[in-house]
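Reminder, nothing fancy here: chain letters follow the sequence lines and each chain counts from 1.
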Protein chains: 2
Amino acid sequence: MSNATISDVAKKVGVSESTVSRYLSGFKVRNSESIKKAIKDLNYRPNIMARNLKSGKTGMVAVIVPDVTNPFFAAIVRGAEVAAGDDYMLQLISTGDDPEKEEAAIRRLSGRVDGLIYVPAKEDTDVITEFADYSFPVVFVDRVINNLRGFDSVLADNQTGAAMATNHLIDHGHTAIAHIAGPAASTPGKGRTEGYLAALKKAKIEKNHDYYVESDFTVLGGYQAMMGLLALKRRPTAVFVGNNLMTIGALKALKESKVNVPDEIAVIGFDDHELSDLVDPPLTVISRDAHLQGALAMSTLLERIRDGYQFPPKQLKVDSNLVIRQSCGSTCLYRKTDADKKILSSSTSS
Amino acid sequence: MSNATISDVAKKVGVSESTVSRYLSGFKVRNSESIKKAIKDLNYRPNIMARNLKSGKTGMVAVIVPDVTNPFFAAIVRGAEVAAGDDYMLQLISTGDDPEKEEAAIRRLSGRVDGLIYVPAKEDTDVITEFADYSFPVVFVDRVINNLRGFDSVLADNQTGAAMATNHLIDHGHTAIAHIAGPAASTPGKGRTEGYLAALKKAKIEKNHDYYVESDFTVLGGYQAMMGLLALKRRPTAVFVGNNLMTIGALKALKESKVNVPDEIAVIGFDDHELSDLVDPPLTVISRDAHLQGALAMSTLLERIRDGYQFPPKQLKVDSNLVIRQSCGSTCLYRKTDADKKILSSSTSS
DNA sequence: AAGTTATCTGCAATCGTTTTTAGCAATTTG
DNA sequence: CAAATTGCTAAAAACGATTGCAGATAACTT
């Protein structure tokens, strides 16, 4: 009933376990034919746990994301999985944005995986430092833990992307430009705000404190932030929203408040979505290749697992693109094809 | 540098390995204080692989879905993860809808996990029968492999859901109702088509073969199917689309063809989406709780792992709900609140 | 055919735990 | 006070593989 062991196979053929083991590892063996047959007859499968115990490797890589349900994180996971190929299998942990769960999960990870691809929920965790001591391979994606240097990471070019977004609004003549931002303590939150501020400064638009709303990257957060902006005496005429979920929330708020986009308020979001061109109006966004980000993270990690920390940490960045649709107003000037989106820049840089 | 072993701890304290082991398992031990200290000092963590080898358990459950990137499957995965709690960790495999990859993945799974939650890409795989021989715990979700009985499963109530969708269109006065269906060989494809046909029959609407289009559950498939319907001499006035991705494709086709929804064609989809109320027009759909489906699958699986196959297989079903928005035409009659959606039925049945 | 290599083999140790067994000391009992 | 019970402990045997070592075949030399 239960699985046959290598010794069952050996016994059946009349050779030693080591011979069977060598046959399995591809060495030349005298009775290879009968061993092959015995393996098939007994439906023998090597016990992975025993193998792992001996080798000290697990053939598994953990991927920790705040939430698989967020299409952006799902794309990262998928990218990582594809890049892993047949060499490694994925252990998925979505922490539900709960730092405690995350910490507990990381603890339980030890010994189960050969490496970790890590999108931390908060930036001030320090569980991970335990790993650092053991030179355990970790690659950070999208966010980075602030007190740690010396780890590999694959980030988005948040500053440039946010600046492109803000400039796009400026190009449409807006000066009352709000920013619904992610947590200032987070890598993408901070980076995008920096890009936003830099673009304003360059255009000599003085910043209005009311127009900067720090939120939390959630749908509800975006909704509330937008409601807050709508309640202002002097409403902004344009808003740059710092991530996909907050953009959804902001749009819901606008719809509920019957505020027309883009006529009354122009909206640009960060991160594209399968449905972005079907929403009303089709959404102009900054996009970056999350799948690629996951894939780069995985290949960096595999390299690190293979070669250890003899090479300096890699800090990769994925480019941001401006995808123009209709939520920022007339786009006739920019349109060149009848396709409903146009990618202004692309490719990957390190 | 590398991890300390139980024998290091034992040596440091001056007791035997077994004593430390028993301390770890929660037994009463004389030098528990010094053992505790030694464990902390040495930063000792039990080697999971060794433990697994001894126990024959892995503490892992595999989840195989066609694509994590599909929000519906992501919700299943998340539901399963939540239900697993701290007892089991998830090994995720998304096969990219490639049956060969899927088969290979299942093969590599053996010995790595204690059970499997399985959304098969195709319905005629037979790898899984290997597992059946070993009474390996498997729970099917959403789809079921046709030549296999005797496994647990958690499906949606496809027939009822599809009938609700079709009836909703009929209630709006439509008789030329098309159905963009999933593969007839798949559980949800077949079930939803059955519901559609049953509703037509009950309303004494004779079915039009042109109005039944079998597609493949993808965005592109839905797009092409809708294009085909639009090319008909006698266009349908309403269409029921068999899953989320095909609905997106269909909407893109309609938008591209500048066909107004719902005035020229009413659309109802299967499976809700975070953005369904933001698309133009807000989409009326049949929805079911995918998160719950995943959670039920996991708890069924854990039960099965614990108790084995002494209990007969569970065949669970999750209810479908009609979420009315605006893609089927005027909804004033139905609206009772100013919320933009209304759930007509809910809860779970077995 | 005998000597020299080149291949292949089995034995035994090992990976780091858990668990069974038997034993020892302290406590309780008759 | 001897005997029985309790409460812990160490030693050893698993779990199922891989691998270094030394010995046994087989394959070449000359």
Dot-bracket pairing map - DNA chain C, Watson-Crick plus G-U, both contacts under 3.5 Å, | cross-strand:
||||||||||||||||||||||||||||||

Among residues two or more places apart or on two chains, list those pairs meeting salt bridge (Lys or Arg N to Asp or Glu O under 4.0 Å) that have a residue in residues 68-92 of chain A.
Arg78(A)-Glu81(A)

Quick note, salt bridge (Lys or Arg N to Asp or Glu O under 4.0 Å) partners involving residues 19-36 of chain B, not counting sequence neighbours, are none

Got a sec, which pairs hit salt bridge (Lys or Arg N to Asp or Glu O under 4.0 Å) with one end in residues 46-70 of chain B, sequence neighbours left out?
none

Which whole-number value in Å describes the distance from Glu17(A) CD to dC11(C) P?
10 Å

Return the set of residues passing salt bridge (charged side-chain N to carboxylate O under 4.0 Å, His left out) with Glu17(A) (not counting sequence neighbours), or none when no residue passes.
none

Short heteroatom pairs, N/O only, protein and nucleotides 7-9 of chain D, under 3.5 Å:
| residue | atom | partner | partner atom | Å |
| --- | --- | --- | --- | --- |
| dT9(D) | OP1 | Arg30(B) | N | 2.7 |

Scan Ser21(B) against the nucleic acid and name what it touches under 4.0 Å (heavy atoms): base, sugar-phosphate only, or nothing.
base

Residues forming a salt bridge (charged side-chain N to carboxylate O under 4.0 Å, His left out) with Lys12(B), sequence neighbours excluded:
Asp41(B)

Donor-acceptor pair (no angle test) under 3.5 Å: Ser55(B) side chain, dC15(D) base
no

Taking only N and O in the side chain of Tyr44(A), is any of them less than 4.0 Å away from OP1 or OP2 of dA17(D)?
yes

How would you list, by chain and number, every residue that makes a side-chain contact (heavy atoms from CB on, under 4.5 Å) with Thr187(A), sequence neighbours excluded?
Glu123(A), Arg143(A), Val144(A), Leu155(A)

Counterpart residues, ring pair (Phe, Tyr, Trp, His ring centres under 6.0 Å), relative to Tyr118(A) (two or more places apart)
Phe140(A)

Considering only dA17(D), dT17(C), dA12(D), which nucleotide approaches the side chain of Ser18(B) most closely?
dA12(D)

